[in-house]
Amino acid sequence: MKNQINNWFSILTILILPSILSTIKSIVSIKIFKKVNKVDVPKGRTLWNVYATMFITSFLWYYIYLYYFFSKAMNSETVLVIDTLIFILYIVLYSFFWWQIYNMIGYGAKDIKEVIASWLIATMSILLLTVFNQVENELINALSWFLPILIPNLIGEINSQFDTNKYKKKPIRTDKMDRHLYRVQIYCFLTLLMLSIIPKLIEIIWGWKIKVELAKLINSSFDWTSEFIASTIIVFFCFILSLIIGRGIIWLLKYFYLDPSKRYYKFEKNKRRKNNV
């Protein structure tokens with residue numbers, strides 16, 4: 001019972017204390033920087049991204065710092081030279097990230113709508129990764145069925161939601177949008193294909209369950225957090241691989257089918273060129 005209470009106290013200390021310190025540090029330091037450098041935030045613009053970046057950076061720094069030194073103190077394994085070097089390394093890394101954050105403030109505040117949009121995208125990405133972590137095969141199958149239908153309609157027909165009463169001109173789809181839709185469909189298809197094939201190939205060739213092995217590498221206890229991080233790494237790897245393969249496929253298709261001498265397409269004057277300028 002006593003050990004359980006100590007464990008809970010350690011967890012709360014390592015999670016809550018960094019959160020409080022990070023919040024105070026972010027708010028106070030940005031206010032001081034704005035006052036000293038006379039940074040003005042115009043109406044309709046915000047520094048929310050700077051606050052969020054500073055909070056996350058500070059939280060990670062405090063978390064790693066406290067976790068390292070608490071674990072050392074509890075196990076009575078303190079070595080002054082190593083601890084000093086680790087502390088200096090933390091200071092150097094932290095100073096680098098803070099320098100980047102101050103540069104973000106110097107570049108100026110962002111439009112509020114742009115910031116809200118980026119936060120929504122980040123939230124939806126995290127939720128999607130969380131669902132993928134729990135039901136991989138079901139999600140891949142569902143997206144494989146619905147993405148070919150959803151992408152052309154959701155993105156390609158978004159101009160139908162434009163308020164024509166408020167503005168005189170109506171947006172018309174351009175060649176740039178057609179190219180964008182084409183590439184998005186290819187990259188989505190290849191990402192889903194990689195997510196289906198690569199883990200299976202690794203299991204067949206080496207006998208590894210890549211997600212399990214990655215999660216154990218991150219944390220030997222194989223908890224939910226390490227499993228989520230492992231799924232995120234797999235998704236990002238497959239996405240990057242799909243971008244590389246997709247570019248190669250597009251180049252090959254253009255080479256074979258868009259050569260005027262092969263006469264697969266009839267070439268005419270581009271009437272929509274003005275819309276793309």
Enquirer: Sequence neighbours excluded, which residues qualify as side chain to side chain contact (heavy atoms under 4.5 Å, CB included) partners of L139?
Expert: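 With neighbours one apart ignored, the set is L128, V131, F132, L143.
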
Enquirer: Are D259 and K254 close enough that some pair of their side-chain heavy atoms sits under 4.5 Å apart?
Expert: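 The answer is no; the side chains never approach within 4.5 Å.
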
Enquirer: Determine whether more than 12 heavy atoms belonging to other residues, nucleotides or ligands lie under 6.0 Å from atom OH of Y265.
Expert: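 Check fails, neighbour count at 12 or below.
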
Enquirer: Identify whether W208 and I204 are in the same connected component of the hydrophobic contact network (ILVMFWY, side-chain heavy atoms under 4.5 Å).
Expert: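 Result: no, two separate clusters.
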
Enquirer: Report the C-alpha distance between L129 and S231 in whole Å, list the side-chain angles of each, state the deciding distance to 0.1 Å, and finish with yes or no for side-chain contact (heavy atoms from CB on, under 4.5 Å).
Expert: CA-CA 7 Å; L129 286 168; S231 296; 5.8 Å; no

Enquirer: Does the side chain of M54 come within less than 4.5 Å of I56's, by heavy atoms?
Expert: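 With C-beta onward as the side chain, the pair stays apart.
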
Enquirer: Using side-chain heavy atoms (C-beta onward) and a distance below 4.5 Å, is R247 in contact with Y187?
Expert: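 Side chain of R247 against side chain of Y187, heavy atoms only: contact under 4.5 Å found.
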
Enquirer: Is there a donor-acceptor pair under 3.5 Å between the side chain of K211 and the backbone N or O of N133?
Expert: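 Yes; at least one donor-acceptor contact below 3.5 Å.
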
Enquirer: Write down the atom of Y51, the atom of I27, and the distance for their closest heavy-atom approach.
Expert: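 Looking at all heavy atoms of both residues, the closest pair is CE2-CA, 4.0 Å.
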
Enquirer: Within this structure, what is the CG-CD1 distance for the pair L193 and I186, rounded to the nearest 0.5 Å?
Expert: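 Nearest 0.5 Å value for the CG-CD1 distance: 12.5 Å.
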
Enquirer: To which residues is W48 joined in a hydrophobic cluster, defined by side-chain heavy-atom contacts under 4.5 Å among Ile, Leu, Val, Met, Phe, Trp and Tyr, whether direct or through other members?
Expert: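 The other cluster members (ILVMFWY side chains, heavy atoms under 4.5 Å, direct or chained) are I112, V115, I116, W119, L120.
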
Enquirer: Can I233 be reached from W206 by stepping across I, L, V, M, F, W or Y side chains whose heavy atoms are under 4.5 Å apart?
Expert: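 Yes; tracing contacts between hydrophobic side chains, which count when under 4.5 Å, links both residues.
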
Enquirer: If two hydrophobic side chains count as joined below 4.5 Å and joins carry through other members, does L258 share a cluster with F256?
Expert: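 Linked, L258 and F256 end up in one cluster.
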
Enquirer: Just so I know, are the side chains of L190 and I249 near enough to count as touching, which here means a heavy-atom distance under 4.5 Å?
Expert: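 SC-SC contact between L190 and I249 confirmed.
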
Enquirer: Could you list all the ring-ring contact (aromatic ring centres under 6.0 Å, His included) pairs where at least one residue sits in residues 139-166, not counting sequence neighbours?
Expert: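 ring-ring contact (aromatic ring centres under 6.0 Å, His included) check on residues 139-166 returns F162-Y167.
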
Enquirer: Do I197 and I234 sit in the same hydrophobic cluster, where Ile, Leu, Val, Met, Phe, Trp and Tyr count as joined when their side-chain heavy atoms come under 4.5 Å apart?
Expert: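 In one cluster: yes.
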
Enquirer: Mind checking the CD1-CD1 spacing from I126 to I121? Nearest 0.5 Å is all I need.
Expert: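 One gets 12.0 Å once the value is rounded to the nearest 0.5 Å.
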
Enquirer: Any side-chain heavy-atom pair from E203 and I210 closer than 4.5 angstrom?
Expert: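 Contact flag for E203/I210 side chains = no.
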
Enquirer: Measure the CZ-CD1 distance between R173 and I158 for me, rounded to the nearest 0.5 Å.
Expert: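 R173 atom CZ to I158 atom CD1 measures 12.5 Å (nearest 0.5 Å).
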
Enquirer: Could you tell me the separation between the OG1 atom of T23 and the CZ atom of F55, rounded to the nearest 0.5 Å?
Expert: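 Between atom OG1 of T23 and atom CZ of F55 there are 4.5 Å.
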
Enquirer: For C238 and M194, work out which heavy atoms get closest and say how close.
Expert: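 For C238 and M194, the tightest heavy-atom pair comes out as CB-CB, 3.7 Å.
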
Enquirer: Compare every heavy atom of A215 with every heavy atom of A230, then report the nearest pair and how far apart it is.
Expert: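 Result for this residue pair: CB-N, 3.8 Å.
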
Enquirer: In Å and rounded to the nearest 0.5 Å, what is the CG to CZ distance from L47 to R45?
Expert: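 So the gap between those two atoms works out to 10.0 Å.
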
Enquirer: Hey, does V235 have a side-chain heavy atom less than 4.5 Å from the side chain of L195?
Expert: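 In contact.
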
Enquirer: So, for L181 and P152, which heavy atoms are closest and what is the spacing to 0.1 Å?
Expert: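 Looking at all heavy atoms of both residues, the closest pair is CD2-CA, 4.4 Å.
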
Enquirer: What's the spacing between I30 CD1 and K25 NZ if we round to 0.5 Å?
Expert: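 So the CD1 of I30 and the NZ of K25 are separated by 11.5 Å.
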
Enquirer: Could you check L147 against F189 for side-chain contact (heavy atoms from CB on, under 4.5 Å), going step by step and ending with a plain yes or no?
Expert: CA-CA 8 Å; L147 275 182; F189 166 74; over 6 Å; no

Enquirer: Side-chain contact, heavy-atom cut-off 4.5 Å: L253 with Y182?
Expert: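 Yes, their side chains come closer than 4.5 Å.
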
Enquirer: Check whether NZ of the Lys or CZ of the Arg K262 lies under 6.0 Å from the centre of the six-membered ring of Y255 and within 45 degrees of that ring's axis.
Expert: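 Yes, cation above the ring, under 6.0 Å and within 45°.
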
Enquirer: Does any non-hydrogen side-chain atom of I202 lie less than 4.5 Å from one of K209?
Expert: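 No, too far: nothing below the 4.5 Å cut-off.
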
Enquirer: Are L192 and V135 joined in one hydrophobic group, where the rule is that I, L, V, M, F, W and Y side chains link up if heavy atoms are under 4.5 Å apart?
Expert: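 Yes, one cluster joins them.
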
